[in-house]
Amino acid sequence: MGILNVTPDSFSDGGRFMDPQAALDRALELEAQGAAIIDIGGESTRPQALPVAEAEELRRVMPVLEALAGRTHAVISIDTMKPAVARAALQAGAGIINDVGASLQRPEMWELAAQSGAAYVCMHMQGTPATMQVNPVYENVVQDVVRFFEEKMARLRSCGILPEQIILDPGIGFGKTLDHNLDLLGGLAGFARFNRPLLLGVSRKSFLGKLPGGRKSGRVAAGLACTCLAVQAGVQLFRTHDVAETIEALRMTETVLGR
Ligand code: 7PJ
């Protein structure tokens, strides 16, 4: 899953793809590098990011979705917390709702997923982007996220979403300290019990540079290490800015594991 942020303020590629033509070119580049999915987002969810109005988010993502329609074989995913944005994106051909707000109470989003039959990424987040990194607390982060998935899967089912539509994501960096992220990465195999595809998003996130001696420039390499470990734990979907590098790492990991 290649990342395309149509935002002025995303931490890694903010401001680069606000122009629809630049965004389209980037999407086609991600596809050419091997992305099977393009994840388009118009609201930054980095820590302390302020919410974006619905009209503004639509204004950012819709021209890109419309430009991409019919021009890519990749599946389009819409990264949003807003049901109206997800609805418009599905109408423009998106096939996946990447709901980073799955922990919020948004029955409208679940009804949309149920009615449309789209794939639904259920991502864990503690709090909201504005405050999630202030003081995240868990009893046991892996067990707490397992419980979240259990409860949410039951709730989604009661809204008419089929288990087959659901992709689970522990939400690395969303209301998590460095230790929480490391515990989740070490405990990914614990999420296999749900028999649903797992999605992991570590790409260029700040925790990757936070081990003692870590540097910002080492984030891509550190993220690839997480990716290789996650393959062994059964993760099947990787959300990344660095599609070519991720595919090379995955090919080697899978080749060795397959021997
Ligand atoms: C994730 C995401 C993630 C899913 C972002 C960033 C923040 N969607 N959207 N999982 N992260 N499903 O890229 O640092 O981890 S935005």
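Whatever order the structure lists ligands and atoms in, that order sets their numbers, starting from 1. We count residues from 1, following the sequence as given.
- Within the 4.5 Å cutoff, side-chain heavy atoms of Phe191 are placed close to those of Leu184.
- Ion pairing between Arg155 and Glu151 fails under the 4.0 Å rule for side-chain N and carboxylate O.
- Salt bridge annotation for Arg251-Glu248: present, with a cationic side-chain nitrogen under 4.0 angstrom from a carboxylate oxygen.
- A salt bridge links Lys82 with Glu43: the distance from a Lys NZ or Arg NE/NH1/NH2 to an Asp or Glu carboxylate oxygen falls below 4.0 Å.
- For Glu139, the CD atom is loosely surrounded, since the number of other residues' heavy atoms within 6.0 Å does not exceed 12.
- By the side-chain contact (heavy atoms from CB on, under 4.5 Å) test, Thr253 pairs with Cys228, Val231, Leu257, sequence neighbours left out.
- Closer than 4.0 angstrom to ligand 1 sit non-hydrogen atoms from Phe11, Thr45, Asp79, Asn98, Val100, Val121, Met123, Asp169, Phe174, Leu199, Gly201, Lys205, Arg239.
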